[in-house]
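Worksheet: one structure, shown below.
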Amino acid sequence: MKILVIGGSVFLGRAIVDEALRRGHEVTTFNRGRSGADLPGVEAVRGDRESTDDLRRLAGGRQWDAVIDVCGFVPRVVLESVRTLSGHAPHYTFISSISAYPDWPGTSGLDETSPCTSARRTWTPSSATTAC
């Protein structure tokens, strides 16, 4: 499988990349190269996801089976990534943080059916991620 990970050099993104490589998948990472080193074996593409030109350069001539986006914080930026990469992968997964769930960490058993925090009018990292 060919996988694009937006982010991919730290925390959850790095774990996803590590596991994908371990399973023999071809992995491309797209990030600014500021937070951490990319794992050996990936095709590392440098760019800023807030730049449509950088996203177009990333997409140019490439196809993936899946996009995994682990670093979206602003809804319009995530939407631009989805739009620019449409037609380059049949599947786009955006992974939010646990802050999308209002009862975390006080409630156990949260899953994808649990109610999410509604996007707030006042920007905070968790409200922006929820809106994405």
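Keep in mind that the numbers below use all heavy atoms, side chains included, and drop hydrogens, waters and symmetry copies.
In this structure, Arg14 contributes its side chain and Ala37 its backbone to a donor-acceptor pair below 3.5 Å.
In this structure, the side chains of Phe30 and Val67 stay at 4.5 Å or more apart for every pair of heavy atoms.
Under the side chain to side chain contact (heavy atoms under 4.5 Å, CB included) criterion, Thr93 pairs with His91, Ile95, sequence neighbours left out. For Leu21, the side chain to side chain contact (heavy atoms under 4.5 Å, CB included) criterion is met by Val17, Val27, Leu39, Val42, not counting sequence neighbours. Taking Glu43 as the reference, Thr28, Arg62 meet the side-chain hydrogen bond (donor to acceptor under 3.5 Å, both in side chains) condition, with sequence neighbours excluded. Not counting sequence neighbours, the partners of Arg23 by the side chain to side chain contact (heavy atoms under 4.5 Å, CB included) test are Glu19, His25.
Note on Ile6 and Leu79: separate hydrophobic clusters, where clusters join Ile, Leu, Val, Met, Phe, Trp and Tyr whose side-chain heavy atoms are under 4.5 Å apart, directly or indirectly.
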Please list every donor-acceptor pair under 3.5 Å in which a side-chain atom of residues 53-61 meets a protein atom from a residue at least two apart or in another chain.
unit_1: Asp54; atom_1: OD2; unit_2: Asp48; atom_2: N; d: 2.8
unit_1: Arg57; atom_1: NH1; unit_2: Arg46; atom_2: O; d: 3.2
unit_1: Arg57; atom_1: NH2; unit_2: Arg46; atom_2: O; d: 2.6

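The OH atom of Tyr92 sits 11.0 Å away from the CD1 atom of Ile68 when rounded to the nearest 0.5 Å. Distance CD/Glu50 to CZ/Phe73: 10.5 Å, rounded to 0.5 Å. Taking CG of Asp38 as the reference point, atom OG1 of Thr29 lies at 3.5 Å (rounded to 0.5 Å).
Ser35 and Ser9 make their closest contact through CB-OG, 4.1 Å (heavy atoms, listed as atom of the first residue, atom of the second, distance). Residues Arg49 and Ser81 share a closest heavy-atom pair of NH2-OG, 2.9 Å. Taking both residues in full, the closest heavy atoms of Val70 and Gly8 are given as CG2-N, 4.2 Å, listed atom of the first, atom of the second, then distance.
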